[in-house]
Amino acid sequence: MCGIVGYIGKNNAVPILLDGLRSLEYRGYDSAGVYVQGVGCIKSVGVIDNLEAKIPNEYNGVAGIGHTRWATHGEPSEHNAHPQSDESGRVFVVHNGIIENYREISQLLTEEGHTFSSETDTEVIAHLVEKFLNDGKNFKDAVVEMLKCIKGAYGIAVACKDKPDELIVARMGSPLVIGLSLDEYFIASDPSALLRHTRDIIYLNDGDIAVVGSAGHRVFTLKEENVDRKISRIDWDFETVKKDGYAHFMLKEIMEAPTVIENSMRGRLLVEQGSVKLGGIQDISEDLRSIKNVVIVGCGSAYYAGLVGRMMIEELAGIPTVVELGSEFRYKKSVIEPRTLVIAVSQSGETADTLEAVREAKRKGALTIGIVNTIGSTIARETNAGVYNHAGPEVSVASTKAFISQLVVFALLATFLGRQRDLSLMAGKQIVTEIANLPEKIMRILSSREDIKEIALRFSHYQNFFFIGRKYNYPIAMEGSLKLKEISYIHAEGCGAGELKHGSIALITPDFPTMAICLQDSVYEKMISNVQEINARKGPIVIMTSEDTDVSFLTSDVIRIPHVHEILSPILSVIPLQLFAYYCSVARGLDVDRPRNLAKSVTVE
Ligand code: AGP
């Protein structure tokens, strides 16, 4: 996704803007640019180094804005890069999101004599502000008038040559934060971009406008009503997100899984009561007791986590549960019965499709909770309550540790809901005890990662792959295929093992391998017969099974994981698939952490 940075204070803005943009590189981008008050605007295609190389040494100003662009309107190019400006170079703007009515606006402005130089939707913002400045309005009022004209999602930062001691930002549907320090302000679309400078952050809400500069800061609405946004203190430091000696963030984050699970369950297990304590939903616990059905919404890996969560909730709490793609839920006729709980799952807490699904659910009267990793993110703030993953910042585009923590939170939530209903003390104790033992079992899997690497090296040349599983591990087959696709670019398909014979098995050949999840669980025998169907057609097979289970009669490529309660097995079984995808990507010499075409947080539709 695009990244926004801004600075106004007493130091040279150039190094601060470049440092901030580099912190946002992981989000994915194809061009970048900066505007520095009193100096000028520089833009470049490609990486930030290209931009830095173009900035003259004498560039030295105490205010500016910067942007990394992930193209949505107009191809990656210098003229489409941000900051965008009006033709006189009086107003500069950086923007995340989509201006839905930009064509109509540019048409009107063109008729008034404006000339446009880019294919972006963003450029209309600069021209509108210039128009209102020419109408005699001051900088702030010109920006307010502009905001009344545009429709769509935006996080924007605006600078104006006439007002070098002010920057103005506005947020509607795309995250934006303000960092505060002594006599200086930092602006960013993601707190990680300003953590080297300050940990005191204001999270703007949708509809917020803020002026920052020598006169201090003010947050207000389009109606010019001041709003009081509290200053949050960020407790994690981007420095800790360094790779810690691993080759890639992705491997580092997979290896963090035991710690992540410990953090996700810290202070939440009530073993003696066979239950859990989830502070973020305590205030609505009585509402949860009367919930009659559940709708889980998410996208990508979060959606697959939801498919696991559904089975956990139905198994432990007996509440009918469905899972919807955020991008589908928000447009379909969603039937929200009374006493429905909608659970939004999102690592970033900013995924546009999931956020709009939450808003749609709230419009229909649903109680909403978020399972979110990013503290203070929009979904976390717009849902009625929620449970944070506490997985820490996830940098690699492919979600790994956050996905695992989502499954743990679902297990905790399902146990909580179950113990409000028919789940017995003994059954609750068993689940909670098993959750407590997960970190040690995951460490055993991670210690065998070299075996997984060897298998990956033998299979990384294939162009196609099936992933099959049943019941709790059907969603993991889907997630395993997504991991392989998104970082190794191998075409992979997740499939319910029982579904193969209904058509997909036609694809099986010696060139089309299958990863089969065959744990010692209630569907083990069924899985083995599915694998035999594949064997009969000479399809290469990798079997993931439980320790001390002999499958040598089917294949020599075997991954073993510790025995675990079937309900919790996805938390273990996904890890070898994450490692398998990682090693395939490395074997193919690809950019594991920043795969082509992808972004870490999809804040556009
Ligand atoms: C995960 O590997 C993918 N990069 C992607 O599917 C991601 O899970 C999806 O975009 C949802 O993101 P969120 O969890 O931040 O909402």
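Note that ligands are numbered from 1 as they come in the structure, with each ligand's atoms numbered from 1 the same way.
Between Thr68 and Arg22, the side chains place no donor N or O within less than 3.5 Å of an acceptor N or O (distance only, hydrogens not considered). Residues Glu324 and Ser334 bring no donor and acceptor atom of their side chains to less than 3.5 Å of each other. In this structure, a donor-acceptor pair under 3.5 Å is present between the side chains of Ser192 and Asp190. Side-chain contact check for Thr120 and Asn80: no donor-acceptor pair (N or O, by modelled atom type) lies under 3.5 Å.
For Lys453, the NZ atom sits in a loose shell: 12 or fewer heavy atoms of surrounding residues, nucleotides or ligands are nearer than 6.0 Å.
Among protein residues, Cys299, Gly300, Ser301, Ala302, Ser346, Gln347, Ser348, Thr351, Val397, Ala398, Ser399, Leu482, Lys483, Glu486 come within 4.0 Å of ligand 1, judged on heavy atoms.
Note: Phe465 and Tyr462 have perpendicular aromatic rings, judged against thresholds of 30 and 60 degrees for the angle between ring planes.
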